[in-house]
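What you see is a predicted model; the values in this text were computed from it and never measured.
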Amino acid sequence: MCDAKGILVAGVQFLKPEKYPHFAEDYMRYEAEAVVIHWYETLLIPGLLQTEETARTLLHANWPPLDDDTIEERVTARLERQEVLKTQTKSFNFLIGEAALRNPLASEVVHKCQLLHLLAVGSARHIVIQVVPGSGAHTGLNGPFILLDSDEHQRLAYEEGQAMGLLHSDPGKVSLLSQRHAMILQRALSPEASAEFIGKLAEDL
């Protein structure tokens, strides 16, 4: 009707809601390709470990508000990313701050499901989940970050804030965050003690 010769049809894909914030697109590609992921979170459950209800609750809290289509697209995308956890030849190591485990983002029922989901996922031999106790000062209080190791022995680091994401390849910055990760790991509970801790929190709900 517009004699656009297919140009309008070709543009339909650009009208769909974005799966991820634009600043995180590069990270998503490297996350899918990584063979080892070390993920540290202070206040939130890592995206790869979130239940659908947790993901939706967080997206509903976004500011400025997201429209319903974008929320559904991003929930779907987050769940699709979690498929990588099924790859047993990859290694996943999660350090989660105690505050994230104690904070029911929605109802206690939803939070209990989230905690039980952590126990279920963490039972896999290639996935390690450890709790970082919330008391005392330590370098992890400066914020969350992720370390990604590729099959070519390259390590990248990713930091995400309110409105930006930084993917570091500079050896100095990556080394600094790797050192911080090692220090945080020293404070963490063992995987067995962590599972017991999370299980107790779930029981108390």
Going through the distances and angles, do N62 and T70 end up as a side chain to side chain contact (heavy atoms under 4.5 Å, CB included)? CA-CA 11 Å; N62 192 80; T70 299; over 6 Å; no
When you look at F92 and L49, which way does the side chain to side chain contact (heavy atoms under 4.5 Å, CB included) test go after all the steps? CA-CA 11 Å; F92 303 88; L49 299 177; over 6 Å; no
Yes or no on side chain to side chain contact (heavy atoms under 4.5 Å, CB included) for R56 and E72, after CA distance, side-chain angles and deciding distance? CA-CA 8 Å; R56 183 170 283 105; E72 292 308 312; 2.8 Å; yes
What verdict does the side chain to side chain donor-acceptor pair (under 3.5 Å) test give for T57 and E53, after you've listed the backbone C-alpha separation in whole Å, the side-chain angles of each residue and the deciding distance to 0.1 Å? CA-CA 6 Å; T57 297; E53 293 81 3; over 6 Å; no
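Taking every heavy atom of both residues into account, G143 and T42 meet most closely at C-CG2, 4.0 Å. A32 and V84 make their closest contact through O-CG2, 4.4 Å (heavy atoms, listed as atom of the first residue, atom of the second, distance). Of all heavy-atom pairs spanning H168 and K173, the tightest one is ND1-CD, 3.6 Å. Contact between G134 and E98 at its shortest, heavy atoms only, is N-OE1, 2.9 Å. In this structure, E31 and L148 approach most closely via the heavy-atom pair N-CD1, 4.1 Å. The minimum heavy-atom distance between Q50 and L79, with the atom names listed, is O-CD2, 4.3 Å.
Atom CZ of residue R102 and atom CG of residue L201 lie 5.0 Å apart, to the nearest 0.5 angstrom. Taking NE2 of H181 as the reference point, atom CD of Q186 lies at 11.5 Å (rounded to 0.5 Å). How far CD1 of I127 is from OG1 of T87: 9.5 Å, rounded to the nearest 0.5 Å. For the atom pair CG of L59 and OG1 of T54, the computed distance is 11.0 Å after rounding to the nearest 0.5 Å. Note that the NE2 atom of H117 and the CD1 atom of I198 stand 11.5 Å from one another [nearest 0.5 Å]. H111 contributes atom NE2, which lies 7.0 Å from atom CG of N103 (distance to the nearest 0.5 angstrom).
Side-chain atoms of S123 come within 3.5 Å of backbone atoms of A120 as a donor-acceptor pair (strictly under, hydrogens ignored).
A donor and an acceptor atom, one from each side chain of E80 and T76, are nowhere located under 3.5 Å apart.
The hydrophobic clustering, which links ILVMFWY residues whose side-chain heavy atoms are closer than 4.5 Å, places V121 and L116 together. Following chains of ILVMFWY side-chain contacts shorter than 4.5 Å, one cannot reach F94 starting from L58, and the two form parts of different hydrophobic clusters. Under the 4.5 Å side-chain heavy-atom criterion for grouping Ile, Leu, Val, Met, Phe, Trp and Tyr, L85 is connected to L115 within one hydrophobic cluster. The hydrophobic clustering, which links ILVMFWY residues whose side-chain heavy atoms are closer than 4.5 Å, places F23 and Y20 together. Hydrophobic cluster membership differs between L48 and L44, with clusters built from Ile, Leu, Val, Met, Phe, Trp and Tyr side chains linked at under 4.5 angstrom.
Looking at P21 and R74, their side chains come closer than 4.5 Å, going by heavy atoms from C-beta outward. Taking the side chain as every heavy atom from C-beta outward, L141 and H138 approach each other to under 4.5 Å. Within the 4.5 Å cutoff, side-chain heavy atoms of I37 are placed close to those of I146. At least one side-chain heavy atom of H38 sits less than 4.5 Å from a side-chain heavy atom of R155. Counting heavy atoms from C-beta outward, S194 and I129 have side chains that stay 4.5 Å or more apart. In this structure, L101 and L118 have side chains that are in contact, with non-hydrogen atoms separated by less than 4.5 Å. In this structure, I96 and P46 have side chains that are in contact, with non-hydrogen atoms separated by less than 4.5 Å. Inter-residue side-chain proximity for V110 and Q114 is flagged as unmet; no heavy-atom pair is nearer than 4.5 Å.
More than 12 heavy atoms of other shown residues, nucleotides or ligands fall within 6.0 angstrom of atom CD in E33. The neighbour count for Y30 OH, taken as heavy atoms of other residues, nucleotides or ligands under 6.0 Å away, does not exceed 12.
Considering only residues two or more places apart in sequence or on other chains, Q88 meets the side chain to side chain donor-acceptor pair (under 3.5 Å) condition with R125.
Electrostatic pairing of E203 and K200 does not count as a salt bridge here, judged by no charged N lying under 4.0 Å from a carboxylate O. Under the 4.0 Å criterion applied to side-chain N and carboxylate O atoms, E52 and R78 are not assigned as salt-bridge partners.
Other cluster members for V132: Y40, L95, F145, L147, L177, I184, L185, joined by side-chain heavy-atom distances under 4.5 Å among Ile, Leu, Val, Met, Phe, Trp and Tyr.
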